[in-house]
There are 2 protein chains.
Amino acid sequence: MNKKYAIECKSCEINCDRKKELCSYCLAQKIIRGKWKMLIIRHLKDGSVRFNELNRLIPTTPTTLSRQLKELENDGVIERISYNEVPPRVEYMLSPIGEEFKKVMDSIKQWGDFYINQL
Amino acid sequence: MNKKYAIECKSCEINCDRKKELCSYCLAQKIIRGKWKMLIIRHLKDGSVRFNELNRLIPTTPTTLSRQLKELENDGVIERISYNEVPPRVEYMLSPIGEEFKKVMDSIKQWGDFYINQL
DNA sequence: CAGAATCCAACGTGATACTG
DNA sequence: CAGTATCACGTTGGATTCTG
């Protein structure tokens with residue numbers, strides 16, 4: 001198991017008897033924590049999207065969007081393809097890991113609906 | 001739909017065509033964002049736990065743990081029962097909404113396993 | 001035991017200006 | 001178009017001390 005992506009779960013190291021299980025949670029939490037990451041993944045669900053297009057869909061600054069995209073890329077959740085064109089064109093899309101995350105998104109949506117119905 | 005719990009998703013208001021779907025995501029993100037919340041829910045999965053017991057399982061200070069517990073309670077995810085005893089005894093457990101969240105936890109675990117296998 | 005109060009440091013996000 | 005650099009700021013979490 002080489003360190004392709006960074007995974008570290010301090011909590012697990014300290015107190016988890018079922019390391020792998022807890023790591024999954026911390027892993028997901030790490031990805032979900034970023035303010036716009038859920039939204040990014042949601043907007044990439046149906047295919048690749050360009051940077052500015054994404055920025056129109058997500059109400060934050062290019063600075064922040066760029067940072068969050070880079071983090072998602074480093075975590076292996078999305079992929080970035082840069083075409084050598086003028087004007088520049090860059091497309092973002094889900095990686096296999098990101099595709100797999102759609103299932104989590106679906107269960108989150110179900111739970112959210114349940115939550116809203118309780119109000 | 002009375003405002004029992006606070007829900008507001010600025011992103012949805014601004015740019016979402018499928019409001020309810022996105023709200024679910026933002027909702028979940030808002031609730032899970034706290035550094036220890038996933039871990040709290042994970043440790044309450046199998047039944048109620050007392051404050052100090054929880055604090056032994058989760059490597060943070062009582063101050064922070066208390067804050068996150070209160071937030072989870074306000075968001076309707078967990079419940080707090082205080083027994084009138086000396087010394088004091090307080091138990092935390094999942095609410096119905098919290099129980100429902102276990103499905104999300106399960107899908108997260110599956111995803112985490114998939115993730116780890118990609119390394 | 002189960003916390004509350006207070007203060008502080010660190011981190012994440014946003015605003016602004018600029019660029020290949 | 002797709003960013004980067006820099007700075008300012010608010011929110012979060014942690015340390016410490018104290019209490020019913």
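Order of the sequence lines fixes the chain letters, A, B, ..., with proteins taken first and strands second; residue numbering starts at 1 for each chain. Small disclaimer: the values here were computed from a predicted structure and weren't measured.
Between the CG atom of A:L57 and the P atom of D:dA2 there is a distance of 13 Å, rounded to whole Å. In this structure, CD1 of A:I81 is placed 17 Å from C1' of D:dC1, rounded to the nearest angstrom. One can place CD1 of B:I40 at 13 Å from C1' of D:dG13, the figure rounded to the nearest angstrom. Distance CG (B:N55) to C1' (C:dC1): 11 Å, rounded to an integer number of Å. To the nearest angstrom, C1' of D:dT12 lies 19 Å from NZ of A:K30. Taking atom CZ of residue B:R56 and atom C1' of nucleotide C:dA2, one finds them 12 Å apart after rounding to whole Å. We find that CG of B:N84 is positioned 12 Å from C1' of D:dG20, with the value rounded to whole Å. Taking atom CG on B:N52 and atom C1' on C:dC1, their separation rounds to 6 Å, with Å as the unit.
Enclosure of atom CD in B:E79 by more than 12 non-hydrogen atoms of other residues, nucleotides or ligands within 6.0 angstrom is indicated.
Ion pairing between a basic and an acidic side chain is recognised when a charged N comes within 4.0 Å of a carboxylate O; A:E91 and A:R80 show no such pairing. Comment: A:K109 engages A:D113 in a salt bridge, judged by a side-chain N to carboxylate O separation of less than 4.0 angstrom. Classification of A:E73 and A:K70 as a salt-bridged pair fails, no side-chain N sitting under 4.0 Å from a carboxylate O.
Of the N and O atoms on the side chains of B:T63 and B:S66, not one donor lies less than 3.5 Å from an acceptor on the other residue.
Minimum atom distance to the side chain of B:R89 is reached by C:dA2, of the listed C:dG3, C:dA2, D:dA2.
An OP1 or OP2 oxygen of D:dC1 is reached within less than 4.0 angstrom by no side-chain nitrogen or oxygen of A:Y92. Distances shorter than 4.0 Å separate some side-chain N or O of B:R80 from OP1 or OP2 on C:dG3. Phosphate proximity of D:dA2 to A:R50: present, with a side-chain N or O under 4.0 Å from OP1 or OP2. Distances shown here put a side-chain N or O of B:K70 below 4.0 Å from the OP1 or OP2 atom of C:dA4.
In this structure, the helix from C:dC1-D:dG20 to C:dG20-D:dC1 shows an angle of 60° between the axis at its start and the axis at its end, each fitted on 5 base pairs and rounded to 10°.
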Task: Where protein sits on nucleotides 10-20 of chain C, one letter per nucleotide: B base, S sugar-phosphate only, - none, heavy atoms under 4.0 Å - done: --SBBBB---B

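Distance check: B:L69 CG to B:I40 CD1 gives 4.5 Å after rounding to the nearest 0.5 Å. With rounding to the nearest 0.5 angstrom, the CG atom of A:L54 is 7.0 Å from the NE2 atom of A:H43.
Under the 6.0 Å distance and 45° angle rule, A:R89 counts as a cation-pi partner of A:Y83.
Using cut-offs of 30° and 60° for the angle between ring planes, the B:F101 and A:W111 rings count as perpendicular.
Residue-level contact check: B:Y83 touches neither bases nor backbone, having no heavy atom under 4.0 Å from any strand.
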